[in-house]
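The structure under discussion appears below in the form of structure tokens.
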Amino acid sequence: MAREDPTSGGWCEALYDAHAPALLLYGRALGLDASEAEDVLHDVFRALLELEAPPDEPAHYAIRAYRNRAMNRRRGFLRRCLRERHSLDWFETTPDRSSEESLAMEALAGLPGAQREAIVLKIWHGLTFDEIGRVQSVSPNTAAGRFRYGVAAIRRRVGPFPESLGNPCPHPHP
Amino acid sequence: MNPFHDWQPRRPSPGLRGALFGGAPRPRAPARATQRFWPSVGLVLAMSWSGTALLWLNGDMIAAQKPPAMALSAALGLVAQNSVPVAATSFPFTNSALTPSTNASFSGPTNGHP
């Protein structure tokens with residue numbers, strides 16, 4: 001990270017380029033719709049830009065900041081009622097997307113929130129179960145269990161994972 | 001390595017980056033279909049509610065008008081049932097003063113007749 005130039009905001013821009021899509025996906029996994037996820041992303045980076053110095057672990061800091069803001073936003077009852085869950089637009093559209101992939105994306109979106117969050121943090125943010133546990137305020141074992149249960153549920157929905165999906169859980173422990 | 005290698009998270013709107021780091025105003029995301037849909041549902045519900053309220057008020061007004069109408073029709077029905085001689089009591093020719101007298105005297109000129 002560009003810690004040597006803390007006042008220019010260059011570190012923040014680099015952080016945005018590296019993590020913004022994954023943070024948006026994280027927002028969707030936390031139950032936000034597309035525009036809400038972008039709103040939270042905007043708010044988080046506005047706050048990061050106002051910091052006098054970059055935090056120790058900017059990526060982890062951004063995840064926590066995003067989660068806090070997303071949770072506050074989710075509390076509105078009307079928003080919860082009106083929120084839509086379009087799983088397929090969580091990811092970039094590819095012309096060769098198979099029906100199994102679409103089914104797996106729907107299955108991911110249909111998981112309980114904690115499992116969905118653990119899977120997104122593990123796969124798309126590259127966090128360890130220890131780090132996921134700290135984000136979710138649970139033990140690493142619980143975080144690992146949420147990940148495994150979530151993947152198993154997707155597997156049940158889709159059937160045996162096709163080659164195109166790879167194996168999402170080769171080593172369930174960090 | 002990302003096992004779901006084909007699943008690239010959707011990128012943010014291009015304008016968001018410009019708004020954060022380029023000072024440009026942030027464009028708003030276009031409203032989704034459901035976001036356009038729910039206000040329509042709200043409008044239909046509001047119209048239905050107001051329509052129901054109007055019908056109810058109108059019904060109330062009709063109900064309020066019923067008693068005088070019923071009283072009038074009842075009165076007319078009473079008149080018809082008892083066959084009250086309305087014409088006999090009020091017709092001017094039944095007045096005795098105008099009834100032709102059989103023994104009235106005539107004192108006017110008679111043109112030569114007795």
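Throughout, a chain's letter reflects where its sequence line sits, starting with A, and its residues are numbered from 1.
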Looking at [atom1] of [X] and [atom2] of [Y], how far apart are the two atoms once the value is rounded to the nearest 0.5 Å?
X	Y	atom1	atom2	answer
A:D39	B:L16	CG	CG	9.0 Å
A:L24	B:R11	CG	CZ	11.0 Å
B:Q8	A:L25	CD	CG	10.5 Å

Can you hop from [X] to [Y] via hydrophobic side chains spaced under 4.5 Å?
X	Y	answer
A:V40	A:Y61	yes
A:I123	A:V135	yes
A:L111	A:V138	no

Which heavy atom of [X] sits nearest a heavy atom of [Y], and at what distance?
X	Y	result
B:P12	A:A20	CG-CB, 3.7 Å
B:L20	A:L49	O-CD1, 3.4 Å
A:E92	B:R10	OE2-CA, 3.4 Å
A:Y16	B:S13	OH-O, 4.5 Å

- Parallel, tilted or perpendicular: which fits the ring planes of A:F45 and B:F21, with parallel below 30° and perpendicular above 60°?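 Geometry flag for B:F21 against A:F45: perpendicular rings.
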
- Message: Any side-chain to backbone donor/acceptor pair from A:W124 onto B:W7? Under 3.5 Å, distance only.
- Response: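 Yes.
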
